[in-house]
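Chain letters run A, B, ... following the sequence lines, proteins first, then strands; residues in each count from 1.
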Amino acid sequence: MIDLKFLQNNFDLVSQKLQKKGVDSAVIERLGEEFASLKAINAKLEAAQADQNQMSKLFGQYKKEGKDVAELKSKVDANKELIAGYQEESRSAEDALYTIALSIPNLPDDDVPHGEDEHDNIELRRVLEPRRFDFIPKEHWELAEMNGWIDFERGVKLAKSRFSVLKGQAARLERALINFFLDQNAKRGFEELCVPFINNEAMLQGTGQLPKFGDDLFKIEDENLYLIPTAEVPLTNLYHDEILSESDLPVLMTGYTPCFRKEAGSAGRDTRGMIRQHQFDKVEMVAIAHPDKSDEVFDMMVENASDILTALGLPHRVVRLCDGDLGFSAATTIDLEVWLPGQNQYREISSISNTRDFQARRAKIRFKEDKKNRLVHTLNGSALAVGRTLIAIMENYQNVDGIIEIPEVLKPYMR
RNA sequence: CGGGAGAUGGUAGAGCGGUUGAAUACACCGGUCUUGAAAACCGGCGAAGGUAACACUUCCGGGGGUUCGAAUCCCCCUCUCCCGGCCA
C-alpha cells in the first residue's frame, strides 16, 4: 500500500508516477479525499469516546457518594447514540478507503526508466556468448519428446491443460537444479526454509496478490485458503504483523516451492511446451532489509541469480524494467532473461524486485529503530525458475542427435 | 472427525464489572557500584492511531451482545494443549 500521508502532501508527484501504472488521477484524488474524511470522522468519534469515558468515571464516583445519577445517565445515553452513529460512519469510510488503497499499485522509483511495456525495458548487459550451432537447434518440446523427458498428454489427463509430467533424467535434473539453487543461495547467506504451499487470504493481501488479482489464484473450495503463486508470499509474510529488531536485518530467506497460477489472460500464449504452466517449481530469494540498505541487498540478489546462470553456462541478459512493465508491488525490478537457441530469443527466467515499504505496510512488517517502529523494505527474486532453467539447459546443451549434455556443476547433483 | 481444558505484555503468571493498559517474577535496556564482569541497589520497559510535543482514542485470540462502565458476564468463530478415531 502506498503511504497515504505522503500522498496528502505530494498529490501531483504521486498522481504523475501512478499514471504510468495505469491509475487515473481521479482515483488518486478520491483516495486522498477518503483518507481525509476517515481522519475527520475518527477525530469526532474519538472526542465523543473521550466524553463517554469521562462520564462513566463520574458515574462510578456518584454511585459511591450516593449522588443522583439520573441526569448524568440521560447525558451518557445521548452521547452513546452519537458514538454509535460515528462508528458506523467511520467504518464505512474505512471500507471505502481500503477498497481503493489496496488496489493502488506501488510507486516506481525515481530512476526507473519510462516506457509503455516490455519493449521499452533497458538491457543493462549480456553475460556469456550464445553458443554457435552447426545445425538448427531444436525447441525444448521436441527435445523432450526425443528423450522421453516430458509427458505433456498425461499431465493434461491427470489435471488439465498446462500441466505436464517430467520423467526419468528430466525429473532427476529438476531435483538436481532445486538442490543446486538452494546451495548457491545458502552460500550468499540465505537461510533455507520449507514453508506451507497454501496460504490464507491475509497473507496474499500482504504481498499484494489480493484483492486485485484473485483471478490468477487457485482457491481452496470452502476455505479461506489459496495455493501460493510464488514462495514470495509465505517467505515475506513469515514476519507478517511482527516487529523485528534492527540487528535482525537483513533477514535473507530462500525456499523451494511449487507455484500455482491460473494464468488468466494468458490464453494462447506459450501454450506449447513447458514455458507457461499452471504448476511450476521455483527457488525464491526473499529479503527483509533495513530501508536505508535495501539497494545493496537488491544488487546482491541480482548478482547471485546471474552468477547461478553463469555457473550453469547459460547465456543471459540483465534487463531493467521500465515503469510501464513493473508489477503491482514493485518499485524497481530487474529481470534476467536466458538465451533459448531453439526459440532464438531471450526469455525471462528470473525477476528481482524491491517493493520498498509497499508490502511491509500491507503486511505490517516493522523493526525497532531507537524505540520507534519503522517499516522494513521487502525484496524478492527468483534464483531461479526451475522449469525454465531445465528448458534452457535442454536447448543450450543439445547436440545434433538431440542428446542433452549435463552442465558440469550439476553432475555432482545427478549422482 | 468425537470428548475435555485453555487463549492476558518478550516469556512465565495474577486479575471482586468501576483511576487495571493491566499485579508479580524472569528476560531486556539505562544508571550506581566494580580495573572489567557478576551480584546488589535505583530507574525504565507492549502495540496502533494521533500530536511539534502533550492531550486523547483503540487493543487482554477474533467478531458480536449485556451494561453508564467489560480482561472480568453471555453468544459465535479461530487457534492451542490433552484423550480417542484416521493417517504420511
Colleague: Check whether NZ of the Lys or CZ of the Arg K73(A) lies under 6.0 Å from the centre of the six-membered ring of F59(A) and within 45 degrees of that ring's axis.
Modeller: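 No - K73(A) does not lie over the ring of F59(A) by the 6.0 Å and 45° rule.
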Colleague: Does the structure show a Watson-Crick or G-U wobble partner for rA52(B), both distances under 3.5 Å? Name it, or say none.
Modeller: none
Colleague: Paired with rA5(B): which nucleotide, if any, by Watson-Crick or G-U wobble criteria at under 3.5 Å for both distances?
Modeller: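 Here rA5(B) is engaged in a pair, and the nucleotide opposite it is rU80(B).
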Colleague: In whole Å, measure the gap between the P atoms of rG46(B) and rG10(B) for me.
Modeller: 9 Å
Colleague: Could you tell me whether the side chains of Q359(A) and T378(A) share a donor-acceptor contact shorter than 3.5 Å?
Modeller: yes
Colleague: For the P atoms, the ones on rU35(B) and on rA47(B), what distance do you get once it is rounded to whole angstrom?
Modeller: 37 Å
Colleague: Answer with yes or no whether the side chains of N121(A) and D325(A) bring together a donor and an acceptor at under 3.5 Å.
Modeller: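 Side chains of D325(A) and N121(A): pair found under 3.5 Å.
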Colleague: Could you check which of rC68(B), rA47(B), rG64(B) has an atom nearest any side-chain atom of K73(A)?
Modeller: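 Of the candidates, rC68(B) comes closest.
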Colleague: Roughly how far apart, to the nearest Å, are rC77(B) and rC83(B) at atom P?
Modeller: 25 Å
Colleague: Taking only the C1' atom of each, what is the distance from rC60(B) to rA70(B) in whole angstrom?
Modeller: 11 Å
Colleague: Could you let me know what rA14(B) is paired to, Watson-Crick or G-U wobble, both distances under 3.5 Å, or none if it's on its own?
Modeller: none
Colleague: Taking only side-chain nitrogens and oxygens of R366(A), does any of them come within less than 4.0 Å of OP1 or OP2 of rA48(B)?
Modeller: yes
Colleague: In a check of side-chain contact (heavy atoms from CB on, under 4.5 Å) between H316(A) and each of D335(A), I308(A), T310(A), which one passes?
Modeller: T310(A)
Colleague: List the atom pairs, donor and acceptor, that lie under 3.5 Å between side-chain atoms in residues 405-415 of chain A and the rest of the protein, sequence neighbours left out.
Modeller:
from    : atom 1 : to      : atom 2 : distance (Å)
E408(A) : OE1    : K411(A) : NZ     : 3.2
Y413(A) : OH     : D183(A) : OD2    : 2.6

Colleague: Tell me the interatomic distance from E246(A), atom CD, to rC28(B), atom C1', rounded to whole angstroms.
Modeller: 17 Å
Colleague: Hey, which sits more toward the 5' end of RNA chain B by its nearest nucleotide, D77(A) or K57(A)?
Modeller: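 The residue whose closest nucleotide sits nearer the 5' end is K57(A).
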Colleague: By nearest heavy atom, map M55(A) and F35(A) onto RNA chain B; which one lands nearer the 5' end?
Modeller: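 Upstream on the strand: F35(A).
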Colleague: What does nucleotides 51-61 of chain B look like as a protein-contact string, B for base, S for sugar-phosphate only, - for none, at under 4.0 angstrom between heavy atoms?
Modeller: -----SSS---
Colleague: Rounded to the nearest angstrom, tell me the gap between atom CZ in R374(A) and atom P in rA48(B).
Modeller: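 Result: 15 Å.
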Colleague: When you compare rU78(B) with rG63(B), how far apart are their P atoms, in angstrom units rounded to a whole number?
Modeller: 15 Å
Colleague: Let's test this: given Watson-Crick or G-U wobble pairing with both distances under 3.5 Å, identify the partner of rA40(B).
Modeller: rU32(B)
Colleague: Going by atom types only, do S294(A) and N354(A) share a side-chain donor-acceptor pair under 3.5 Å?
Modeller: yes
Colleague: Let me know the distance between NZ of K80(A) and C1' of rG65(B), rounded to the nearest Å.
Modeller: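 Whole-Å distance recorded here is 11 Å.
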Colleague: Send over the distance from E81(A) CD to rC68(B) C1', rounded to a whole Å.
Modeller: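 From E81(A) CD to rC68(B) C1': 14 Å.
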Colleague: For T355(A) and S353(A), does a side-chain donor sit closer than 3.5 Å to a side-chain acceptor?
Modeller: no
Colleague: Rounding to an integer number of Å, can you tell me how far K368(A) NZ sits from rG10(B) C1'?
Modeller: 11 Å
Colleague: Can you confirm if the aromatic rings of F358(A) and F328(A) lie within a centre distance of less than 6.0 Å?
Modeller: yes
Colleague: Calculate the interatomic distance between D241(A) atom CG and rG62(B) atom P; express it in whole Å.
Modeller: 11 Å
Colleague: With rounding to the closest Å, how many angstrom separate the P atoms on rA71(B) and rU19(B)?
Modeller: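 Looking at atom P only, rA71(B) and rU19(B) are 10 Å apart.
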Colleague: Would you mind telling me which of rC68(B), rA47(B), rG64(B) lies closest to the side-chain atoms of Q52(A)?
Modeller: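 Closest nucleotide among those given: rC68(B).
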Colleague: With rounding to whole Å, what would you report as the distance between rU58(B) and rG13(B) at their C1' atoms?
Modeller: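 One C1' to the other, the span is 25 Å.
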Colleague: Distance check, P atoms only: rA14(B) and rG85(B), in whole angstrom units.
Modeller: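 Approximately 33 Å lies between the P atom of rA14(B) and that of rG85(B).
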Colleague: Heavy atoms only, 4.0 Å cut-off, all strands: where does N42(A) land among base, sugar-phosphate and nothing?
Modeller: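 The residue N42(A) makes no contact with any strand.
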Colleague: Check every strand shown and say whether R361(A) touches a base, only sugar-phosphate, or nothing at a heavy-atom separation below 4.0 Å.
Modeller: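 If one applies the 4.0 Å heavy-atom cut-off, R361(A) turns out to touch nothing in the nucleic acid.
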Colleague: How many whole angstroms separate atom NZ of K364(A) from atom C1' of rA48(B)?
Modeller: 9 Å
Colleague: Just by distance, no angles: are the side chains of T254(A) and E284(A) close enough, under 3.5 Å, to form a donor-acceptor pair?
Modeller: no
Colleague: How long is the line joining NZ of K67(A) and C1' of rC68(B), in whole Å?
Modeller: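 Nearest whole value for this atom pair: 16 Å.
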